[in-house]
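Note that this is a predicted model, so its numbers are computed, not measured. One-based numbering, in listed order, for ligands and for the atoms of each.
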Amino acid sequence: MSARSFLELVQGSAVAEWMRYSGAAPVVESTHVVAAVMLFGTVLVVDLRLLGVADSGHAFTGISRQTLPLTWLAFAVAVITGWLMFTASAVAYFGNTAFRLKALALCGAGLNMALFHLVTARRVPAWDQGVPMPRAARIAGFVSALLWASVVLLGRWIGFTKGYDFTIPPGVELGFGP
Ligand code: HEM
């Protein structure tokens, strides 16, 4: 099966039809934004601790243990709502540069997180004894903050590059509905 026919299958699915015609899209997209904010917010708390910018008085393991469940919850909600949005216009989204770059940034953020938890963080106990954060941990924090910020920005940029014309013709007053 070619990528094109797979995307057409996804776009023709009952879920995609539901996303297009049920009126659920604004709720799904808003939930995606809330999940994105919660994910980026909890990740940033840990990244700023790794960078020594914030909270250096609190043990890293404590901060990480409290925030990680929220990060995973937000990630799960973002993936589910993101997939739902994707199904509605799978062919168009897959061809969208901002969407592709966002997918790359998401993979990079996932790899950086895996490398950190599987390699760098094995020396965590020492960090709680006030030993300065090793360079690898600070680099992981910086790369994480940069990549997750890119995911959020690129997510928003998808909306600006979906082919809608956002320019307001001269003399036209915007009227917002109820
Ligand atoms: C897991 C981390 C993710 C984060 C932090 C994230 C973040 C965002 C943000 C902030 C937006 C802009 C929403 C708006 O302005 O209304 C967005 C849009 C979008 N996201 Fe995600 N996203 C994530 C995962 C995904 C996944 C896994 C998919 C698809 C499989 C996805 C598909 C989309 C689509 C299609 C849009 C564009 C909606 C539109 O304007 O048409 N996202 N994302």
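Nearest protein heavy-atom contact of atom 16 (O) of ligand 1 is Glu29 OE2, 2.4 Å. At the top of the distance list for atom 41 (O) of ligand 1, counting protein heavy atoms only, stands Tyr93 OH, 2.4 Å. The protein heavy-atom contact nearest to atom 10 (C) of ligand 1 is Val152 O, 3.7 Å. Given atom 2 (C) of ligand 1, the protein heavy atom at minimum distance is Leu106 CD2, 3.6 Å. With hydrogens left out, the protein atom closest to atom 34 (C) of ligand 1 is Met85 CE, 3.8 Å, a heavy atom. For atom 37 (C) of ligand 1, the closest heavy atom belonging to the protein is Ile158 CG2, 3.6 Å. Considering only non-hydrogen protein atoms, atom 26 (C) of ligand 1 sits nearest to Gly82 CA, 4.1 Å. Of all protein heavy atoms, the one closest to atom 9 (C) of ligand 1 is Gly155 CA, 3.9 Å.
The closest donor-acceptor contact from the side chain of Asn112 to the backbone of Ala140 lies under 3.5 Å. A donor-acceptor pair under 3.5 Å links the side-chain atoms of Arg20 to the main chain of Gln11, judged by distance alone. Ser89 places no side-chain N or O within donor-acceptor distance of the main-chain N or O of Ala92, the cut-off being under 3.5 Å.
The side-chain heavy atoms of Met38 and Val33, taken from C-beta on, include no pair separated by under 4.5 Å. Side-chain contact check for Val46 versus Gln66: every heavy-atom pair is 4.5 Å or farther apart. Phe75 places none of its side-chain heavy atoms less than 4.5 Å from the side chain of Thr71.
Rounded to 10°, the angle that NE2 of His32 and NZ of Lys102 form at atom 21 (Fe) of ligand 1 is 180°.
Compare Ala36, Ala88, Ala103 by their heavy atoms: the one nearest to atom 5 (C) of ligand 1 is in Ala36.
Of the N or O atoms in Arg156, one or more lie within a sub-3.5 Å distance of an N or O in ligand 1. An N or O contact shorter than 3.5 Å is missing between Trp148 and ligand 1 by distance.
Taking CE from Met1 and CG from Leu9, the interatomic distance works out to 5.0 Å, rounded to the nearest 0.5 Å. Put simply, CZ on Arg156 and OG1 on Thr161 are 9.0 Å apart, with the number rounded to the nearest 0.5 Å.
Listed by atom number, the atoms of ligand 1 under 4.0 Å from Ala78 heavy atoms are 1 (C), 2 (C), 3 (C). Atom numbering of ligand 1 starts at 1 in the shown order; those under 4.0 Å from a heavy atom of Phe75 are 1 (C). The ligand atoms of ligand 1 that sit less than 4.0 angstrom from a heavy atom of Trp83 are 29 (C), 30 (C). Contact atoms of ligand 1 toward Val33: 13 (C), 14 (C), 16 (O) (distance under 4.0 Å to a heavy atom of the residue). Atoms of ligand 1 found under 4.0 Å from any heavy atom of Val151 (numbered from 1 in listed order, with element): 3 (C), 4 (C), 5 (C), 6 (C). Atoms of ligand 1 found under 4.0 Å from any heavy atom of Gly159 (numbered from 1 in listed order, with element): 40 (O).
Crowding of Arg100 atom CZ: a count of heavy atoms from other residues, nucleotides or ligands under 6.0 Å exceeding 12.
Side-chain atoms of Ser64 and Thr61 include no donor-acceptor pair closer than 3.5 Å.
A ring pair (Phe, Tyr, Trp, His ring centres under 6.0 Å) with Phe99 is found for exactly one of Trp157, Phe86, Phe94, namely Phe86.
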